[in-house]
A.B. asks: 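Here's a structure for you.
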Amino acid sequence: MISAYILIHISPGSTDKVITELRKIENIAKISVVAGEFDIVVRVQVKTLERLLKATDKIQMIKGVNKTTTQVIEKEISL
Amino acid sequence: MKIRRKYLFYLLAFSSSIIVALISGLDVVLGKYIKNPLVFGLSIFYFGLLTSILFTLFLSISFKGKSIGERTIDPSFKKIRLLKKEELKYHILAGTGNAILTLGYFWLLILIKDPSLVLPFSQVVILYLVVIESIIEKNTPTLVEIQSSVIVTLGAILGSISLSGTISLESFAIVFLIVNPGWVLQSVYQRKLKMMKINDKSNDSINIRMWNVIFACLFTLVFVFFYDYYTGSSNFSESLKTFVDYFGLLTLAGIGAFFSYVFYIRALGIGKASITQAVKSSVIIFSIPISIALAYFGFIDPISTDPVLIIIRVSGIILMLLGIISFALTLIKAYIFIKMKPGYPIEVTMQKLWDINGVNRVTAVAGDYDFIVKIRTRTLVKGYERILRKIASIEGIKDYKWQSVLKEWEDI
């Protein structure tokens with residue numbers, strides 16, 4: 001299983017529409033709206049890199065998404 | 001379907017409470033026919049075991065590549081499975097907790113016949129949990145958490161007080177020294193199990209519940225065998241007879257207990273054990289209509305209409321709601337994105353980040369950043385003083401960015 005964070009920059013005023021579209025995409029485990037340099041942080045869980053590409057592609061196709069940065073998880077410690 | 005993480009947590013915890021309230025009504029009805037509490041408790045345990053295994057098998061049925069349990073209850077669930085070696089220790093501890101809790105409950109039933117006089121005090125368990133979490137979850141409780149726990153506890157006590165009820169010191173001792181510690185042991189280790197990764201996926205609440213019942217039933221049976229052996233009683237054989245005689249009602253109680261626990265364990269995977277327990281103590285509110293219905297059908301004495309009692313109960317319910325709301329509104333979550341200078345080993349930095357109180361998740365990533373750290377705190381001041389300043393002091397960190405989470409959705 002491959003997990004990744006996708007950091008999303010969106011156009012001002014498009015948060016609700018982008019969130020609605022993101023919620024339809026499979027393989028997205030978590031969506032966080034954040035305040036700071038990015039606008040939305042998404043956590044994706046996929047079986048292959050091919051599927052990660054597809055998920056990223058779907059996100060980039062959403063109207064209002066300006067830029068995405070994918071951070072693939074190499075190691076994790078959590079509660 | 002994605003749902004706001006916070007709403008999912010409350011949905012699960014409240015559903016669990018409503019089911020528990022319904023089961024408590026069913027227990028009262030069953031108690032009319034089954035007079036020996038130890039036999040009653042044991043036969044409920046057999047049904048718990050039977051229904052847990054049968055339901056887990058049913059939820060394992062695959063349909064279009066996904067099991068029924070994965071589609072409906074817990075996305076982490078695949079199918080019924082054997083325990084992993086690393087889970088065994090936690091299951092033994094959680095199972096022991098459940099067995100202690102159950103035996104304590106039976107003991108109370110034998111002693112005072114009416115558990116409703118003592119059970120409200122078991123809500124004090126959240127105070128134990130706040131203390132335990134501060135020790136094992138590397139999270140110092142904030143004033144808000146302590147205040148809210150106290151408010152919910154007092155509310156729960158007031159909300160279900162019985163004016164005619166008397167309470168013995170022995171019952172208090174059982175609640176505080178046996179029932180509540182048993183509950184803490186069970187909650188804390190069930191949460192540990194829910195947080196574990198099994199085959200690189202989150203552990204599922206359905207298998208955790210099934211194995212918890214198996215272990216608890218095993219420990220309880222061993223205790224009853226010894227009890228029967230030394231006292232010459234025949235609780236074991238009587239419980240088997242009851243199992244056959246009250247099959248229908250006991251099945252309902254078993255199914256209810258299974259789902260209430262599965263929802264509770266899933267909620268534990270989202271919120272801290274103390275907060276889950278605080279929300280679950282709302283069972284007292286949901287049990288009021290059940291009590292009214294039981295009184296209407298003559299299973300319990302008529303409910304008092306004394307205005308003093310009503311005022312006390314309403315005050316208790318308001319306190320509980322206030323406590324729960326203050327828990328919900330004061331949680332702050334944030335991501336911290338970290339860039340490192342070259343020449344510092346990842347594992348060492350990861351451990352240093354993990355050692356900071358309030359850090360929930362440390363992720364080493366490939367991309368623009370080197371680490372993404374997720375934190376949970378109750379106040380921004382604490383976030384700055386106890387987390388950010390410590391991160392800034394770690395050797396090798398070139399740059400970091402704090403991103404507060406405003407809203408969050410999770411796939412269910």
A.B. asks: Between B:Ala334, B:Ser404, B:Gly367, which has the largest tally of heavy atom pairs under 4.5 Å with chain A?
C.D. replies: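 Top count of heavy-atom pairs under 4.5 Å with chain A: B:Ser404.
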A.B. asks: So which part of B:Tyr369 gets closer than 4.5 Å to some heavy atom of chain A, the side chain, the backbone, both or neither?
C.D. replies: both
A.B. asks: Using a 4.5 Å heavy-atom cutoff, which residues in residues 6-20 of chain A come close to chain B?
C.D. replies: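 A:Leu7, A:Ile19 fall under the 4.5 Å cut-off.
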A.B. asks: Has the side chain of B:Gln403 got a donor or acceptor atom that lies under 3.5 Å from a matching backbone atom of A:Glu37?
C.D. replies: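 At least one qualifying donor-acceptor pair exists.
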A.B. asks: Looking at B:Leu88, I want to see if its CG is surrounded by more than 12 non-hydrogen atoms of other residues, nucleotides or ligands under 6.0 Å.
C.D. replies: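 Atom CG in B:Leu88 is crowded, with more than 12 foreign heavy atoms closer than 6.0 Å.
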A.B. asks: If you count heavy atoms of other groups shown closer than 6.0 angstrom to NZ of B:Lys79, is the number above 12?
C.D. replies: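 Counting other residues, nucleotides and ligands, NZ of B:Lys79 stays at 12 neighbours or fewer.
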A.B. asks: Working to the nearest 0.5 Å, report the span between CE of B:Met350 and CD of A:Glu76.
C.D. replies: 7.0 Å
A.B. asks: Tell me, side chain or backbone of B:Phe371 under 4.5 Å from chain A's heavy atoms, or both, or neither?
C.D. replies: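 Looking at B:Phe371, nothing touches chain A.
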A.B. asks: Tell me, yes or no, whether the heavy-atom count around B:Lys89 atom NZ, taken from other residues, nucleotides or ligands under 6.0 Å, exceeds 12.
C.D. replies: no
A.B. asks: Applying a criterion of heavy atom separation less than 4.5 Å, what residues of residues 57-72 of chain A form contacts with chain B?
C.D. replies: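 If one takes a 4.5 Å heavy-atom cut-off, the residues of residues 57-72 of chain A near chain B are A:Thr69, A:Thr70, A:Gln71, A:Val72.
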A.B. asks: Going through the checks in order, is the ring-ring contact (aromatic ring centres under 6.0 Å, His included) test met by A:Phe38 and B:Phe337?
C.D. replies: CA-CA 11 Å; A:Phe38 320 107; B:Phe337 294 85; 5.1 Å; yes
A.B. asks: Taking atom CZ of B:Arg81 as the centre, does the number of heavy atoms from other residues, nucleotides or ligands within less than 6.0 Å exceed 12?
C.D. replies: yes
